[in-house]
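First comes the structure, then the notes that go with it.
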Amino acid sequence: MFPKLIYEFDALPWQPLGTPTAASFGDLITLTILAWISQGLYSCLENYYYISPLVGMIFLALTPIWITVAAKHPATRTVLHSGWEPVITAMVISSSGGLILDTTVSDPNFVGIVVYTPVINGIGGNLVAIQASRISTYLNLHSIPGELPDEPKGCCYYPFRTFFGPGINNKSAQVLLLLVIPGHLIFLYSIHLRKSGHTSLTVIFIVVYLFAAVLQVFTLLWIADWMVHHFRRKGKDPDSFSIPYLTALGDLLGTALLALSFHFLWLTGDGDGDVGD
């Protein structure tokens with residue numbers, strides 16, 4: 001009985017927490033440093049216009065040093081040669097989401113989207129990163145690069161296979177999808193208590209927001225099921241290739257769905273742009 005319980009506990013998506021934790025701290029540290037540097041540059045630009053180009057030149061000059069340091073370690077040397085494609089592509093995808101956010105925020109009726117964008121993107125990206133890490137670990141344990149365990153030819157990755165298959169990863173996809181609603185409700189309530197949101201928590205707002213969040217994670221988990229297996233079949237490391245794509249797609253989908261939700265709420269008369277000002 002106890003071995004079965006331990007096995008079922010290990011099958012739940014609590015094990016690969018390193019990836020979302022690192023991603024969360026990475027976002028926090030990056031935003032903190034970016035805000036600090038931006039504030040300093042903004043205060044210097046009026047009197048010292050050459051500061052901004054000088055900073056860019058310094059970072060360009062340091063690039064060969066960091067490349068040399070990274071090339072000395074075998075693990076980072078591999079990423080240095082093969083990790084540019086997913087990172088650069090992910091930056092392009094995320095930038096598309098940034099353009100959507102910038103266009104939406106420029107309308108004063110939709111300023112509230114700024115508060116909820118990090119929440120929906122963060123939760124969606126972390127949940128799909130957990131699933132991608134689980135599938136990748138499973139494939140590493142049960143197959144060699146370029147091959148998939150028990151994979152029939154011409155297999156199609158459709159939602160029913162992702163969420164209702166008999167495998168352990170299918171069960172974890174179900175659990176991760178079920179975590180979306182309670183997780184977002186906690187954050188919505190926290191935003192409401194701090195009065196930092198610019199939109200009242202009406203019933204229609206909560207329903208529309210949760211629908212967008214569930215649709216985002218549902219789509220990401222479906223794509224992750226196909227993408228991780230695809231890169232594994234190509235002989236590439238799914239952790240290095242799939243997670244940047246999936247988190248970037250999470251930002252794009254989350255921002256786009258949230259923007260559509262705010263437009264829908266405004267058309268239905270539920271817009272409220274002065275809460276929390």
Side-chain angles (χ1 to χ4, degrees), residues 12-14 17-36 38-39 94 97-98 100-131 174-221 246-277:
L12 292 175
W14 316 120
L17 297 177
T19 300
T21 303
S24 299
F25 276 106
D27 293 342
L28 178 62
I29 294 172
T30 301
L31 290 174
T32 302
I33 295 176
L34 185 61
W36 176 64
S38 299
Q39 185 177 7
S94 297
I100 297 175
L101 179 62
D102 182 66
T103 303
T104 306
V105 171
S106 61
D107 190 333
N109 296 322
F110 305 128
V111 292
I113 193 175
V114 177
V115 180
Y116 300 100
T117 300
V119 176
I120 192 171
N121 291 346
I123 292 179
N126 287 333
L127 290 179
V128 75
I130 292 175
Q131 179 69 353
Q174 297 175 11
V175 175
L176 290 171
L177 189 62
L178 291 175
L179 289 175
V180 175
I181 293 179
H184 275 286
L185 286 176
I186 293 174
F187 280 102
L188 287 177
Y189 185 65
S190 301
I191 293 173
H192 177 68
L193 287 180
R194 297 182 60 184
K195 298 185 182 299
S196 56
H198 295 270
T199 302
S200 301
L201 288 185
T202 60
V203 175
I204 186 172
F205 171 80
I206 295 175
V207 171
V208 172
Y209 177 86
L210 291 179
F211 176 79
V214 171
L215 181 59
Q216 177 209 27
V217 176
F218 177 88
T219 306
L220 289 175
L221 293 175
L246 291 170
T247 52
L249 285 173
D251 293 343
L252 178 60
L253 280 175
T255 305
L257 290 172
L258 199 58
L260 290 175
S261 299
F262 270 74
H263 280 83
F264 173 78
L265 290 169
W266 187 260
L267 290 175
T268 56
D270 194 65
D272 188 359
D274 58 355
V275 179
D277 284 343

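Residues take their numbers from the sequence shown, with the count starting at 1. The basis for the numbers below is simple: all heavy atoms, side chains too, and nothing from hydrogens, waters or symmetry mates.
In terms of heavy-atom proximity, D251 sits nearest to S94 at OD2-OG, 3.6 Å. Residues V128 and G125 come closest through the heavy atom pair CG1-O, 3.3 Å. Nearest heavy-atom pair, A256 versus I100, reported as atom, atom and distance to 0.1 Å: CB-CD1, 4.0 Å.
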Please assess V180 against L127 for the test side chain to side chain contact (heavy atoms under 4.5 Å, CB included), listing each intermediate value before the final yes or no.
CA-CA 9 Å; V180 175; L127 290 179; 3.8 Å; yes
Q) Hey, mind stepping through L258 and Y209 against side chain to side chain contact (heavy atoms under 4.5 Å, CB included) and telling me if it holds? A) CA-CA 7 Å; L258 199 58; Y209 177 86; 3.6 Å; yes
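The backbone N or O of I120 lies less than 3.5 Å from a partner atom in the side chain of Q216, making a donor-acceptor pair. Remark: side-chain polar atoms of H263 are paired, donor with acceptor, to backbone N or O of A259 under 3.5 angstrom. In this structure a side-chain-to-backbone donor-acceptor pair under 3.5 Å is missing from T255 to L252.
Side-chain contact check for T202 versus L265: every heavy-atom pair is 4.5 Å or farther apart. Between L185 and L210, the closest side-chain pair of non-hydrogen atoms falls below 4.5 Å.
In this structure, the separation between CZ on F211 and CG on L260 is 10.5 Å, given to the nearest 0.5 Å. A distance of 11.5 Å separates CG in L220 from CG in N126, rounded to the nearest 0.5 Å. In this structure, L221 CG and L176 CG are separated by 6.0 Å, a value rounded to the nearest 0.5 Å.
Other residues, nucleotides and ligands contribute only 12 or fewer heavy atoms inside 6.0 Å of the CZ atom of F187.
Between F205 and Y116, a ring centre-to-centre spacing shorter than 6.0 Å is recorded.
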